[in-house]
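Quick note on labels: first sequence line is chain A, next is B, and so on, each numbered from 1. If you're wondering where the values come from, they're calculated on a predicted model, not measured in any experiment.
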Protein chains: 4
Amino acid sequence: MPKPTFFNLPEDKRQRIVDLAIEEFATYGYRGASISRLVAAAGIAKGSFYQYFDDLDDLYRYLLHLGAEQKAQVLRSTPPPDPALSPFDTLRWMLRGSVGYEVTNPRLARIAYRALTGDGPSEAFVAEMRAALTGFYRDLLAKGIKHGHIDPGLDLDAAAFVLTSTLLPLSQYLLSRIDLEPEDLVRPDGPQTAAIEALLDGLLDILEYGMGSRSPRKDDSHG
Amino acid sequence: MPKPTFFNLPEDKRQRIVDLAIEEFATYGYRGASISRLVAAAGIAKGSFYQYFDDLDDLYRYLLHLGAEQKAQVLRSTPPPDPALSPFDTLRWMLRGSVGYEVTNPRLARIAYRALTGDGPSEAFVAEMRAALTGFYRDLLAKGIKHGHIDPGLDLDAAAFVLTSTLLPLSQYLLSRIDLEPEDLVRPDGPQTAAIEALLDGLLDILEYGMGSRSPRKDDSHG
Amino acid sequence: MPKPTFFNLPEDKRQRIVDLAIEEFATYGYRGASISRLVAAAGIAKGSFYQYFDDLDDLYRYLLHLGAEQKAQVLRSTPPPDPALSPFDTLRWMLRGSVGYEVTNPRLARIAYRALTGDGPSEAFVAEMRAALTGFYRDLLAKGIKHGHIDPGLDLDAAAFVLTSTLLPLSQYLLSRIDLEPEDLVRPDGPQTAAIEALLDGLLDILEYGMGSRSPRKDDSHG
Amino acid sequence: MPKPTFFNLPEDKRQRIVDLAIEEFATYGYRGASISRLVAAAGIAKGSFYQYFDDLDDLYRYLLHLGAEQKAQVLRSTPPPDPALSPFDTLRWMLRGSVGYEVTNPRLARIAYRALTGDGPSEAFVAEMRAALTGFYRDLLAKGIKHGHIDPGLDLDAAAFVLTSTLLPLSQYLLSRIDLEPEDLVRPDGPQTAAIEALLDGLLDILEYGMGSRSPRKDDSHG
DNA sequence: TATGAATGAGCTTTCATTCAT
DNA sequence: CATGAATGAAAGCTCATTCAT
């Protein structure tokens with residue numbers, strides 16, 4: 001974690017450092033990032049960096065923490081409409097929030113994505129983070145089976161893997177589809193939002209259909 | 001591409017260099033790899049490296065090329081039983097080959113995987129490779145629609161994305177599931193192979209069911 | 001010399017700074033000592049250090065001064081029993097005091113010892129301090145010759161050098177012989193004190209015999 | 001130990017590096033020495049230093065090794081006249097050689113001296129070297145007792161300590177007495193040599209008298 | 001072709017010192 | 001007086017690359 005000095009910094013300066021650090025890691029990756037380049041860009045003295053952070057790793061972990069924190073905040077801001085939602089309705093709600101966040105914070109989202117695909121301090125770190133994510137999806141599906149939303153014959157491991165693999169790179173994919181300039185944020189009523197929604201629907205439709213409860217399928221009120 | 005000097009090398013020496021290069025990139029990533037460390041490990045002179053390759057990037061691209069080549073070779077060795085297979089039967093055949101190859105070449109597979117998830121010379125490079133892969137799956141599905149194997153109402157973009165996202169990290173996932181020692185290769189009749197097959201079946205079942213032709217399935221008002 | 005600010009400090013705070021400074025110099029030497037490490041250990045602000053001292057050198061010289069002062073105080077506390085002692089009786093008295101002091105202040109004693117053997121601001125500084133010490137012993141011996149305690153044929157330079165060389169590292173040697181824990185101070189009636197006294201006697205015996213007035217010793221053809 | 005690269009260097013270049021390294025350590029001590037300063041003085045690239053040595057410590061230990069080696073070589077060049085010498089005759093012979101060497105290599109001698117008085121990689125290192133030296137003198141004296149040259153009642157620990165303490169700084173003392181310019185080497189027939197011999201005699205006289213066999217002293221048939 | 005010494009730019013990190021609060 | 005953030009020089013060390021042998 002950054003040192004108190006960092007948090008005592010004026011808001012704008014701190015933000016500028018964070019922004020440039022995100023840019024640095026997003027551009028060059030965990031191993032390619034350079035303190036020298038960062039402080040030059042930020043216009044601070046090299047020694048100052050060490051007043052704020054232990055080292056680059058410290059800063060890197062803070063950025064991941066920051067991203068997770070902010071995304072969680074976004075999700076908390078719109079509580080799920082029903083406590084006993086089907087897994088895919090839950091996902092729909094979650095994705096609306098998290099994709100929204102990630103699309104408006106593409107560089108930080110990219111860092112987090114790459115942290116989960118091999119970039120990072122160690123392979124163990126990556127494996128741990130990824131296992132946590134897969135576990136979450138697995139639990140979600142298990143609960144769905146209990147409530148009859150999910151096919152009981154489903155291979156849970158396979159299904160959790162499909163969800164992790166598909167949803168993890170989702171916002172990266174969306175970002176590559178819509179040619180998004182860094183400042184050109186996606187607005188809730190813009191055409192990009194509509195395109196995103198459409199693709200999201202197509203996606204979840206495939207997944208839900210592939211995993212959903214198959215016996216009572218006829219009266220699926222969903223379609 | 002490596003220089004002619006490299007290909008004139010004795011087979012065993014060339015292979016040792018390749019193996020250690022794979023190890024280097026798999027361990028430290030594109031940006032963390034070091035020529036110094038590599039030549040020290042390989043026991044060759046530093047100058048010799050530059051007799052074989054332009055630079056690290058040259059070697060890196062060669063490794064990717066090598067992996068693609070070898071995987072293609074494996075696929076060519078077992079031709080598809082039927083020229084007009086359904087997309088998922090094609091995938092089943094392909095995966096049997098490619099997963100088999102990647103599981104027995106985990107370090108090189110890891111490099112290729114990371115090359116497609118952000119590690120590499122440039123973002124453009126990554127995007128290009130990934131687009132090629134997605135295009136392939138898209139074409140496969142389109143052909144499947146023509147032959148009636150795939151739901152014509154399917155969102156092709158979404159489906160191609162699901163396939164890319166799911167199948168790309170597949171062997172990495174399998175490798176993490178089965179605790180594989182480098183020498184402990186997966187043999188066709190071992191228990192690990194059975195476990196892999198089971199998971200592969202579960203996976204394709206979900207995808208096929210989610211994307212398959214829905215019309216013959218009773219009165220699905222969905223499609 | 002430290003600034004007035006330092007001497008206006010509360011006794012305990014000032015003492016803590018001195019103790020930690022001693023620890024710092026004793027551990028890392030004159031050139032290895034670090035202000036950063038010291039203030040971190042002492043829990044004072046970096047700026048405060050400069051309120052108390054000009055720089056590290058200032059603090060260093062103060063510590064030496066302090067050690068000399070304290071040792072002198074110890075010696076003053078037990079005045080010599082006879083104003084016209086033989087040089088070796090004088091030494092015996094002096095050593096009892098100074099060794100006692102140094103053994104109970106091993107870290108500061110170590111700094112002073114190293115200051116006289118090459119560690120310090122400059123070679124001139126070292127030479128000067130050492131010359132003063134040698135001069136003292138030389139005078140002591142000269143006076144001894146006058147009173148008939150010391151062999152008049154003695155090479156005064158050589159003898160003063162022997163005394164300086166032997167007595168300077170004495171307490172360091174004793175400290176290495178008795179395994180002394182920092183807190184485990186040598187008490188006047190402990191077994192360590194007895195061992196020290198024995199070794200001191202053996203030592204002075206050699207020196208006294210080697211330098212002492214040789215005429216009364218039968219017909220020594222040597223002198 | 002330095003790397004082979006270093007030993008493959010042209011003689012004059014290697015010698016220049018050694019000379020400047022000696023100068024560096026002698027001037028600034030173990031902790032104050034700087035690679036940057038050294039390479040600047042030597043006119044070699046910083047990277048080259050690391051082609052020759054692991055780090056500064058590597059170079060430091062090599063210098064000590066070199067000094068020991070050279071001194072041993074000098075001693076080997078003039079074998080002791082009699083196999084069963086008295087301890088002090090042995091010392092006389094040894095000192096003639098070692099002091100001769102050290103006086104003509106004052107900077108390296110200074111480094112070795114300081115290595116034995118607290119400057120160096122660790123306190124353990126210092127203690128070990130010093131213990132070896134003291135052990136040597138102790139053995140020498142013990143043998144002298146057996147042969148009747150040394151007073152059997154002598155406190156061996158105290159005596160070995162006196163020898164170590166006196167002889168260790170000896171050449172440093174001599175060097176400070178004779179104002180020696182670096183190039184102004186002491187020649188065997190110069191006036192400085194005579195002064196050194198005189199002081200050496202005075203010194204050994206004191207020590208020998210102080211430790212020598214005291215009872216049969218009159219008819220000393222040994223000499 | 002193979003070699004490995006030479007190079008200097010560039011890295012991370014620590015440091016003493018200043019100074020506004 | 002106390003504070004601790006800011007600073008840039010300088011440290012040790014690694015690196016890719018060149019080039020003479």
Side-chain angles (χ1 to χ4, degrees), chain A residues 3-10 13 31-40 43-58, chain B residues 3-6 8-10 13 31-40 43-58, chain C residues 3-6 8-10 13 31-40 43-59, chain D residues 3-10 13 31-40 43-59:
Chain A
K3 304 175 183 179
T5 314
F6 178 67
F7 295 109
N8 293 337
L9 244 38
K13 183 171 185 179
R31 300 205 107 97
S34 146
I35 291 174
S36 297
R37 214 188 292 123
L38 172 59
V39 297
I44 62 174
K46 222 175 235 181
S48 294
F49 178 88
Y50 290 91
Q51 302 267 26
Y52 306 148
F53 311 99
D54 287 330
D55 48 28
L56 255 193
D57 193 76
D58 187 25
Chain B
K3 303 176 183 177
T5 321
F6 179 64
N8 292 336
L9 243 38
K13 184 171 185 181
R31 300 207 107 97
S34 143
I35 292 177
S36 298
R37 215 188 291 121
L38 173 58
V39 297
I44 62 174
K46 227 164 195 179
S48 296
F49 179 89
Y50 290 92
Q51 304 265 24
Y52 308 147
F53 311 100
D54 287 331
D55 49 26
L56 256 192
D57 193 76
D58 187 24
Chain C
K3 303 175 181 177
T5 322
F6 178 66
N8 293 337
L9 243 37
K13 184 171 185 179
R31 300 207 106 96
S34 144
I35 292 176
S36 298
R37 213 188 293 123
L38 173 60
V39 296
I44 63 174
K46 232 179 198 161
S48 295
F49 179 88
Y50 290 91
Q51 304 264 24
Y52 307 147
F53 311 99
D54 289 329
D55 47 28
L56 256 192
D57 193 75
D58 187 24
L59 169 52
Chain D
K3 303 176 182 177
T5 313
F6 178 66
F7 295 108
N8 293 336
L9 243 38
K13 184 171 186 181
R31 299 205 108 96
S34 146
I35 292 175
S36 297
R37 213 188 294 122
L38 172 59
V39 297
I44 62 175
K46 220 178 236 182
S48 295
F49 178 88
Y50 290 93
Q51 301 267 28
Y52 308 147
F53 311 100
D54 287 329
D55 48 29
L56 256 192
D57 193 76
D58 188 24
L59 169 54

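Taking the side chain of C/Lys46 as heavy atoms from C-beta on, and the options E/dT1, E/dT7, E/dA16, the nearest nucleotide is E/dA16.
When DNA chain F is scanned in the 5' to 3' direction for atoms under 4.0 Å from non-hydrogen atoms of chain C, the outermost contacting nucleotides are F/dC1 to F/dG4.
Residue B/Phe49 is classed as having no contact, given no heavy-atom separation below 4.0 Å to the nucleic acid. Residue C/Thr5 is in sugar-phosphate contact alone, with no base atom involved, counting any heavy-atom pair closer than 4.0 Å across all strands shown. Across all strands shown, C/Tyr52 has heavy atoms under 4.0 Å from sugar-phosphate atoms exclusively, and none from any base. Within 4.0 Å (heavy atoms only), D/Leu9 reaches sugar-phosphate atoms of the nucleic acid but no base atom. No engagement by D/Lys3 is indicated, since no non-hydrogen atom pair under 4.0 Å with the nucleic acid exists. When heavy atoms are screened at a 4.0 angstrom cut-off, B/Ala33 is found touching the sugar-phosphate backbone but no base atom.
The ring-ring contact (aromatic ring centres under 6.0 Å, His included) check on C/Phe49 picks up C/Phe53, with sequence neighbours excluded.
Contact between the side-chain N/O atoms of A/Ser36 and the OP1/OP2 oxygens of E/dC11 is found at a separation under 4.0 Å.
For DNA chain F, runs of at least 3 consecutive pairs of the Watson-Crick or G-U wobble type, with both hydrogen-bonding distances under 3.5 angstrom, map to E:2-21 with F:2-21.
Per the geometry, CG belonging to B/Leu38 stands 16 Å off C1' belonging to E/dG4, to the nearest Å. Across the protein-nucleic acid pair, A/Gln51 atom CD and E/dA16 atom P stand 13 Å apart, rounded to whole Å.
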